[in-house]
Participant: 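Input: one structure, supplied below.
Proteins come first, then strands; the chains are lettered A, B, ... in the order of their sequence lines, and each starts at number 1.
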Protein chains: 2
Amino acid sequence: MASPRTVVAGAAARKQVSRPGRLASAPRMGLVPAVQRLPLDEILIGDCIAAMDGLPAASVDCVFADPPYNLQLGEGALLRPDQSRVDAVDDDWDKFSSLAQYDSFTRAWLTACRRVMKPNASLWVIGSYHNIFRVGSALQDLGFWILNDIVWRKANPMPNFRGKRFTNAHETLIWASRDPSAKYTFHYEALKGGNEDLQMRSDWFIPLCTGDERLKDAAGHKVHPTQKPEALLARTLLSATNPGDVVLDPFFGTGTTGAVAKRLGRRFIGIERESVYAAAARRRIDAVEPLSQATLALAPAKRAEPRVPFLSVIEAGHVRAGETLSDARGRFKAVVRPDGTVMVGPVSGSIHKIGALVQGLPACNGWDFWHAERNGQRVVIDTFRAKMRTQMGSAA
Amino acid sequence: MASPRTVVAGAAARKQVSRPGRLASAPRMGLVPAVQRLPLDEILIGDCIAAMDGLPAASVDCVFADPPYNLQLGEGALLRPDQSRVDAVDDDWDKFSSLAQYDSFTRAWLTACRRVMKPNASLWVIGSYHNIFRVGSALQDLGFWILNDIVWRKANPMPNFRGKRFTNAHETLIWASRDPSAKYTFHYEALKGGNEDLQMRSDWFIPLCTGDERLKDAAGHKVHPTQKPEALLARTLLSATNPGDVVLDPFFGTGTTGAVAKRLGRRFIGIERESVYAAAARRRIDAVEPLSQATLALAPAKRAEPRVPFLSVIEAGHVRAGETLSDARGRFKAVVRPDGTVMVGPVSGSIHKIGALVQGLPACNGWDFWHAERNGQRVVIDTFRAKMRTQMGSAA
DNA sequence: ACAGATTCTGAATCGTGGA
DNA sequence: GTCCACGATTCAGAATCTG
């Protein structure tokens with residue numbers, strides 16, 4: 001439950017912003033005590049540290065945080081070459097009296113995040129050079145384990161009007177697990193497939209949030225000064241969460257995390273101090289149409305494929321006991337034994353171990369190394385495993 | 001003068017490595033007392049903190065530092081999929097017992113740098129996510145003023161062999177002035193001219209240091225595990241120093257900073273703990289031919305066409321997740337998934353892989369094969385990629 | 001000599017599950 | 001907790017080898 005200083009969006013206005021049929025009213029586990037029930041797909045209004053302290057420990061799968069950047073802008077307004085005024089971030093929530101105060105704030109919210117994270121959860125934080133070094137250091141000090149730093153390269157950054165520095169054309173995200181030993185979620189195969197079969201790199205090229213996506217008020221002014229593009233959130237959530245996972249955003253703002261989570265079939269918990277932002281977020285999220293389950297299902301990771309013992313390949317008759325296997329060029333030979341091991345001279349062992357042995361290597365994937373002769377052609381034995389998996393597929 | 005624990009490269013071997021006609025014997029200011037004379041274009045061998053403490057205060061115009069990254073690699077060797085062994089950085093100079101020890105080392109050398117920097121000097125530090133947050137925080141704590149963080153995007157990074165993270169495809173440089181009020185050097189116009197009249201951005205695309213540029217010993221092994229590309233140093237020195245300026249590099253290694261400084265008509269002071277590296281640096285720098293004053297201009301960088309992942313096309317909204325693609329004649333259909341893969345029946349994969357699959361071909365260019373319907377017309381998806389490339393402009 | 005094929009390598013915090 | 005078997009995993013560019 002939320003702490004006394006925290007209310008669910010939007011308190012008095014709850015009837016408008018929190019629909020009766022929302023998912024939060026259907027907790028996934030009926031046995032969870034009421035006091036521990038997660039406010040799923042809800043927006044808590046209040047201080048994020050107090051709100052997180054009111055959540056049960058080890059309850060969320062992922063955190064996405066876009067904290068204040070502590071920009072420390074000068075007093076005077078920045079003018080463009082045409083003398084128009086740059087609409088800078090000068091809100092009170094970005095005012096800190098010192099680096100020490102910012103550090104202490106950073107440690108406090110990161111500590112609160114760490115408590116509510118499941119052991120295998122991971123956390124994303126976005127920032128610029130003003131604050132990201134403080135955040136990264138705090139993360140490491142608190143025991144988080146950095147997995148990557150990711151560079152969001154902006155397609156259309158604001159130019160440096162004074163010509164005094166390089167165009168600040170990127171922001172940095174840190175992706176970290178709760179502990180060095182955590183078994184975090186990472187959809188390697190899916191990301192690779194979406195990148196034309198190349199590994200996804202640590203530098204992402206994504207446009208700013210503009211146009212229809214940018215929330216505007218009645219007067220046409222942007223509702224929030226630092227609204228992030230949905231594409232950025234989509235890539236983070238697709239890579240590091242599963243459908244149904246709970247994503248916590250302690251600096252919810254206008255709810256990009258919630259909108260993307262809903263669209264991608266994830267659950268969210270948002271925390272936001274300003275009720276104006278929370279109300280805008282609620283309206284925005286309510287209008288989001290989730291993608292169908294079928295569209296959403298991620299490409300199965302290779303390692304999730306059913307394990308086929310080499311013995312089963314023999315039992316199925318694809319390879320015969322007593323048959324001789326060789327490598328691709330026919331330099332090495334091994335005899336298949338009925339128990340699923342192979343034999344070279346007096347030595348026998350698994351297809352992997354013997355493959356490594358004959359090559360003098362520390363390790364070897366025997367499935368890709370050994371070949372059988374079929375119709376005068378050498379056929380890699382992984383072919384037989386693939387055949388068996390196809391047959392198993394319909395059952396699984 | 002250098003401290004007692006510091007010797008000029010290479011001490012006994014000075015006759016070979018330090019030529020009589022070297023620039024160091026002609027200080028620019030005759031009034032500087034002998035004891036305060038700068039060891040210009042020399043390499044000091046020894047601990048960098050002691051060596052810097054032996055230099056006069058406020059005497060250098062720029063610092064470039066490539067400190068140990070504190071990688072904290074695990075015990076076991078990392079093997080590639082082909083079982084070859086990755087030649088990791090496991091040198092003693094990158095071993096620190098704790099984060100606290102690394103922090104104290106970082107503060108010490110940064111403090112020493114700050115003392116020898118002229119009031120308007122600026123400093124560059126390069127690092128990876130392992131150390132850059134410690135460095136950035138220390139910089140801010142010591143009173144430096146961060147001007148930019150720069151991302152060095154590697155053209156040819158090492159892949160992530162285990163498929164457990166994003167390919168670590170960049171390193172970060174921090175550019176900072178000694179004080180918030182410093183009037184630092186920045187050659188805005190020159191950089192813009194070399195960038196087709198667009199402001200130089202904070203993300204730089206530069207290949208690794210390989211080939212003839214990479215120093216090798218007699219056995220053909222790399223002399224230094226982390227030699228930086230000269231292109232990287234050239235861009236930093238061209239942007240933030242003037243000809244004749246003094247550049248200090250406290251972690252000189254094999255002297256990339258010195259080689260580039262000499263070529264670009266800057267003076268250097270190198271400090272290096274390992275005499276083997278220092279000797280290699282001396283030989284390398286002696287072979288460098290300086291450019292004529294007239295030639296000192298920024299060469300426009302060549303750029304390949306930027307690669308656009310299909311996922312980015314979806315993120316940009318040109319194609320919608322859940323939408324159906326077809327081939328030119330409408331014989332085959334595939335559904336777009338939010339992660340950038342496409343799906344035919346139960347099978348999913350990249351646009352290329354699935355294009356090949358449905359046609360029964362070994363390969364297929366998905367960009368030319370798949371079409372989306374727009375206004376009753378089939379539009380090949382390469383159209384959307386071309387659109388995005390126009391927007392990306394010089395961003396490759 | 002030259003084109004094409006093959007090999008090599010780069011700052012790396014790089015596994016999982018059962019006994 | 002530890003130990004061990006199993007087995008999954010790479011991209012671009014340059015260097016080197018082959019025909």
Side-chain angles (χ1 to χ4, degrees), chain A residues 140 144-149 175-177 179-184 186 188-189 192 195-202 301-305 307-311 340-341 349-353 355-356 362-369 382 385, chain B residues 66-91 93-94 96 99 102 126-133 152-172 205 207-214 216 220-222 224-229 251 253 304 307:
Chain A
Q140 292 178 310
F144 286 93
W145 192 243
I146 298 180
L147 299 169
N148 277 115
D149 59 336
W175 180 40
S177 61
D179 300 282
S181 61
K183 297 187 201 329
Y184 53 90
F186 180 54
Y188 174 76
E189 292 290 344
K192 191 174 168 181
N195 194 34
E196 288 94 78
D197 300 322
L198 293 177
Q199 289 189 341
M200 186 66 78
R201 295 169 44 120
S202 56
K302 266 197 185 142
R303 69 179 66 84
E305 285 186 306
R307 211 181 73 84
V308 179
F310 185 55
L311 180 56
T341 60
S350 72
I351 51 174
H352 311 300
K353 196 167 270 181
C364 162
N365 183 340
W367 293 108
D368 299 329
F369 179 71
D382 199 35
R385 180 170 67 160
Chain B
D66 182 7
Y69 285 10
N70 189 25
L71 288 185
Q72 307 173 70
L73 302 178
E75 283 303 306
L78 176 63
L79 298 182
R80 295 188 169 84
D82 66 3
Q83 305 305 326
S84 66
R85 197 169 160 284
V86 173
D87 185 15
V89 175
D90 58 354
D91 305 72
W93 50 252
D94 197 39
F96 295 85
L99 275 180
Y102 187 79
I126 183 167
S128 65
Y129 66 83
H130 309 86
N131 72 321
I132 199 68
F133 305 117
W152 167 29
R153 303 176 50 225
K154 301 180 184 182
N156 40 352
M158 193 187 302
N160 185 288
F161 296 114
R162 289 279 168 81
K164 293 292 171 186
R165 304 181 179 191
F166 298 94
T167 304
N168 194 4
H170 74 276
E171 294 188 21
T172 301
F205 186 78
L208 295 177
C209 177
T210 57
D212 290 342
E213 192 188 319
R214 188 85 195 222
K216 307 261 171 55
H221 298 120
K222 56 192 179 194
H224 195 284
T226 72
Q227 187 181 338
K228 296 293 177 289
F251 305 97
R307 215 183 63 81

Participant: Describe the nucleic acid contact of Leu147(A) in one word from base, sugar-phosphate, nothing, applying a heavy-atom distance below 4.0 Å.
Facilitator: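 Leu147(A): no heavy atom of the nucleic acid under 4.0 Å.
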
Participant: When you measure from the side chain of Trp367(A), which nucleotide among dG7(D), dT16(C), dA12(D) comes out closest?
Facilitator: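 So the nucleotide nearest the side chain must be dG7(D).
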
Participant: State which residues pass side chain to side chain donor-acceptor pair (under 3.5 Å) with Asp90(B); sequence neighbours excluded, sorted by chain then number.
Facilitator: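 Applying side chain to side chain donor-acceptor pair (under 3.5 Å) to Asp90(B) gives none.
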
Participant: Parallel, tilted or perpendicular, judged at 30° and 60°: which one describes the rings of His224(B) and Trp93(B)?
Facilitator: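 Parallel: the ring planes of His224(B) and Trp93(B) meet at under 30°.
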
Participant: So Gly76(B), base contact, sugar-phosphate only, or nothing? Heavy-atom distance under 4.0 Å.
Facilitator: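 Since a base atom lies under 4.0 Å of Gly76(B), the category is base.
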
Participant: Considering non-hydrogen atoms only, spot the tightest contact between Ala155(B) and Pro207(B) and give its length.
Facilitator: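 Minimum heavy-atom contact is CB-CA, 3.7 Å.
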
Participant: Quick one: which of dT10(D), dG7(D), dC14(C) gets closest to the side chain of Asn160(B)?
Facilitator: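 Closest of the options to the side chain of Asn160(B): dC14(C).
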
Participant: Distance criterion of 3.5 Å, no angle test: do you see the side chain of Gln83(B) paired donor-to-acceptor with the base of dT9(D)?
Facilitator: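 Present.
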
Participant: Answer yes or no: does atom CZ of Arg85(B) have more than 12 heavy-atom neighbours from other residues, nucleotides or ligands under 6.0 Å?
Facilitator: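 No, the 6.0 Å shell around CZ holds no more than 12 heavy atoms from other groups.
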
Participant: Protein-nucleotides 7-11 of chain C N/O pairs closer than 3.5 Å?
Facilitator:
from    : atom 1 : to        : atom 2 : distance (Å)
dG10(C) : OP2    : Lys222(B) : NZ     : 2.5
dG10(C) : O5'    : Lys222(B) : NZ     : 3.2
dG10(C) : N7     : Arg80(B)  : NH2    : 2.3
dG10(C) : O6     : Arg80(B)  : NE     : 3.1
dG10(C) : O6     : Arg80(B)  : NH2    : 3.3
dG10(C) : N2     : Asn156(B) : O      : 3.3
dG10(C) : N2     : Pro157(B) : O      : 2.9
dA11(C) : OP2    : Arg214(B) : NH1    : 3.1
dA11(C) : N7     : Tyr69(B)  : OH     : 3.3
dA11(C) : N7     : Lys228(B) : NZ     : 3.3
dA11(C) : N6     : Asp66(B)  : OD1    : 3.3
dA11(C) : N6     : Pro67(B)  : O      : 2.9
dA11(C) : N1     : Tyr69(B)  : N      : 3.1

Participant: Is the base of dT13(C) syn or anti, if syn means a glycosidic angle within 90° of 0?
Facilitator: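 Base orientation relative to the sugar is syn.
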
Participant: Whole angstrom is fine here: how far is it from CG in Asp368(A) over to C1' in dA8(D)?
Facilitator: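 My rounded result for the distance is 9 Å.
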
Participant: To the closest 0.5 Å, what do you measure between CG (Asn148(A)) and OG (Ser128(B))?
Facilitator: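 Reported to 0.5 Å precision, the distance equals 11.0 Å.
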
Participant: Tell me whether the OP1 or OP2 atom of dC14(C) has a side-chain N or O from Tyr184(A) closer than 4.0 Å.
Facilitator: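 No, no such contact exists.
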
Participant: What integer distance in Å separates Gln72(B):CD from dA12(C):C1'?
Facilitator: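 After rounding, the reported distance stands at 12 Å.
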
Participant: Quick check: on DNA chain D, is the nucleotide nearest Leu198(A) upstream (toward 5') of the one nearest Pro81(B), or the reverse? Name the residue that is more 5'.
Facilitator: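 So the residue in question is Pro81(B).
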
Participant: Minimum heavy-atom separation for Asn156(B) to Leu208(B), with atom names?
Facilitator: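 It is O-CD1, 2.9 Å.
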
Participant: Check Ile126(B) against Lys228(B) and note the closest heavy-atom contact, atom names and distance.
Facilitator: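 Taking every non-hydrogen atom into account, CD1-CE, 3.7 Å.
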
Participant: Does Gly211(B) reach a base, just sugar-phosphate, or nothing at all? Heavy atoms under 4.0 Å.
Facilitator: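 Gly211(B): backbone/sugar contact only, no base atoms under 4.0 Å.
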
Participant: Below 4.0 angstrom from OP1 or OP2 of dA12(C), is there any side-chain N or O of Lys164(B)?
Facilitator: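 So the side-chain polar atoms of Lys164(B) never come under 4.0 Å of the phosphate oxygens OP1 or OP2 of dA12(C).
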
Participant: Please determine if a side-chain N or O atom of Asn148(A) lies less than 4.0 Å away from the OP1 or OP2 oxygen of dC14(C).
Facilitator: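 Answer is no, no contact under 4.0 Å.
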
Participant: Where is the tightest heavy-atom contact between Tyr69(B) and Asn131(B), given as atom of each residue plus distance?
Facilitator: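 Looking at all heavy atoms of both residues, the closest pair is O-CB, 3.2 Å.
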
Participant: Contact class for Ala155(B) (heavy atom, under 4.0 Å): base, sugar-phosphate, or nothing?
Facilitator: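 If one applies the 4.0 Å heavy-atom cut-off, Ala155(B) turns out to touch the sugar-phosphate alone, with no base involved.
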
Participant: Which atom pair, heavy atoms only, marks the closest approach of Asn160(B) to Gln199(A)?
Facilitator: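 Answer, listing the atom of Asn160(B) first, then Gln199(A): O-NE2, 2.5 Å.
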
Participant: Which range-with-range stems can be found for DNA chain C when each stem has 3 or more Watson-Crick or G-U pairs in a row and both distances sit under 3.5 Å?
Facilitator: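 Paired runs of 3+ in DNA chain C: C:2-10 with D:11-19, C:15-19 with D:2-6.
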
